[in-house]
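Some notes on the structure that comes next.
Remember, it's a predicted structure, so these values are computed and weren't measured experimentally.
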Amino acid sequence: MKRHVMIKTIILTVLISLIAIQAETLDYPHNGSNSIGCDSCHYVYADEPSHLPPWTNHDPLNIDDTQYNTLCWSCHNNIKAPYMKTHSSLNTSDKYGDSDNDGEAGWSMECKVCHHPHQQRQIKTYGSESYLYSGTVTSVTESTLTEDGANWAIDEYRGNILYPKATSFNYNYKITGNTEDTITVRGAIRQDKVSADDTFAIVYGNLIKNTIATPNSGDMPVKFFRDRGDHSFSDGDSVRDGICESCHTETIHWRNDGNEPGPGHNLGARCVDCHWHVDGFKGRGCDGCHGYPPVLNVASGGPDALVNNPGTTGSLTAGAHDKHVNTKQYLCANCHYDSVGSGPSHNNGEPQDVSIGFWLFNGTYLGGIYDGQPTVNYDTNEENTELTNEGSKTCSNVYCHGRLPDGTKWGGGKATSPVWDGSVTCSSCHDAGGAATDLSGKHYKHTDESTYELPCEKCHYETAVGRSEIKNESYHANNVKDIIFEQGGTLNTTDKSCSSTYCHSDAR
């Protein structure tokens, strides 16, 4: 018992000493300028990890409701500080699976995975490489620092972090605004730690760690010096050390091995313009200007209508966006190659052009033909895509509708040219069978009314229901001929022979 008391006394003494020098151990915003000290988050008598307050230990409501996140949210609650959701399957999707291997879909990245609660690790690791700006102090007061002739834009550095003396990492302040040559900060600048002719630095801040423990790639280095351009979220250079690209391994864009299947996507852009932190980085910023996808035939913007900001495109119909995106789960990039988000032809003129470029199955099929609306200007970043605006609103030479970009008929079905705002049924691309069927191989024998008249589901069990309904969209128009027999069996794809099927058994 005495030993237990002694240990706790020692810990208490150490903690009190840390509180006494908290200005030297904690960086903005978790420091005295916000009335935060060690005792704000740590409780010396707690038995919890890192001596977290006992009230943080509770029965979680979901995968994000961890002890550490609970502590963060006690301040980040839109009262004391902005509330932010964590990056998890709960807030985005469970597309990328089970992160804890417990058999239940779900993954969650705690706040502390990316944020260091105590220090601005970027400047303390990378020094001058992380500076947004560096200069020489002309004069300093309790709340301002001046550099004569700096010629800054008004409030250019508002919200960033000032180190009045670049070599004194323990003294830093939030910039609340700046004029052409004077920076104003929150809190009182320590006059004994800086003087005229010292070198000062401005950094991005946000308590981003220098190394992130990723779920699939181990510890990955991170350089996050600004919110766009080099060393930002995802800058696309040969070293994937942006805060987003350092972790991703399965996403369409910005994988940490550089081997992503998707076309270039917003190189060096500010990812949080579309993937809001407040929503756990779920992509949703797109619906600020247009539906995501647009499903209404009016140009009134997001979340459901055609684009209206910063200008309309001239389009009069949302067409088959609902079918392609919401039902078939196609990516925007499948039909708008290299123009999704802030791509090179996205939001690039008045009137706003519509960029069409067909990119299917990770680039397996590139190109096609689209004749669009006469009221719309179209452009493309995909050299095999042909565009006109003569008004038929039809797609052709596109895999999904039976013909490849080079004009080759695919799969033995019909080569259709569906109207963008028209209707498509099974018989639009596949006939209903019969002796004169356009279907490949022995379809005519199996589906002909005068022979077996078998429904599609007999051999395409996961794809179709009967002859006229799709059972599972993921098995349809997916670049695979999915042969799954309703009553079992196999198809030899080399000699096209069936075996172990009910229809061709010896009836035993």
Got a salt bridge between [X] and [Y], using NZ or NE/NH1/NH2 to carboxylate O under 4.0 Å?
X	Y	value
Glu473	Lys323	yes
Lys124	Asp27	yes
Arg240	Asp257	no

>> Nearest 0.5 angstrom please: Gln120 CD to Leu207 CG, how far?
In response: 4.0 Å
> Got a sec, which residues hit side-chain contact (heavy atoms from CB on, under 4.5 Å) with Ser134, two or more places apart in sequence or on another chain?
Replying inline: Tyr131, Thr199
> Mind checking what makes side-chain contact (heavy atoms from CB on, under 4.5 Å) contact with Ser217, not counting sequence neighbours?
Replying inline: Thr214, Met220, Thr249, Asn256
> With sequence neighbours left out, what residues match Lys112 under side-chain hydrogen bond (donor to acceptor under 3.5 Å, both in side chains)?
Replying inline: none
> By side-chain hydrogen bond (donor to acceptor under 3.5 Å, both in side chains), which residues pair with Asn266, not counting sequence neighbours?
Replying inline: Ser342
Name the atoms and distances for all side-chain donor-acceptor pairs under 3.5 Å in residues 150-165, with sequence neighbours left out.
from: Asp155; atom 1: OD1; to: Asn178; atom 2: N; distance (Å): 3.1
from: Glu156; atom 1: OE1; to: Ala153; atom 2: N; distance (Å): 3.0

> Is a donor on one side and an acceptor on the other found under 3.5 Å between the side chain of Trp73 and the backbone of Tyr68?
Replying inline: no
> Does Ser300 offer a backbone N or O that forms a donor-acceptor pair with the side chain of Asn308 under 3.5 Å?
Replying inline: yes
> What about His76 and Tyr83, are their ring centers closer than 6.0 Å?
Replying inline: no
> Is the centre of the His231 ring less than 6.0 Å from the centre of the Phe225 ring?
Replying inline: yes
>> Do Trp254 and Phe233 have side chains that approach each other closer than 4.5 Å (heavy atoms only, starting at C-beta)?
In response: no
>> Taking the side chain as everything from C-beta on, heavy atoms only, tell me whether Thr364 gets closer than 4.5 Å to Trp359.
In response: no
Looking at [X], I want to see if its [atom1] is surrounded by more than 12 non-hydrogen atoms of other residues, nucleotides or ligands under 6.0 Å.
X	atom1	answer
Asp197	CG	no
Lys282	NZ	no
Tyr292	OH	no

>> Let's go through Asp64 and Asn91 carefully: what are the C-alpha distance in whole Å and the side-chain angles of both, what is the deciding distance for side-chain hydrogen bond (donor to acceptor under 3.5 Å, both in side chains) to 0.1 Å, and is it a yes or a no?
In response: CA-CA 9 Å; Asp64 287 344; Asn91 299 316; 3.0 Å; yes
> Tell me, which pairs form a ring pair (Phe, Tyr, Trp, His ring centres under 6.0 Å) where one or both residues lie in residues 304-325, sequence neighbours left out?
Replying inline: His321-Trp420, His324-Tyr330, His324-Trp420
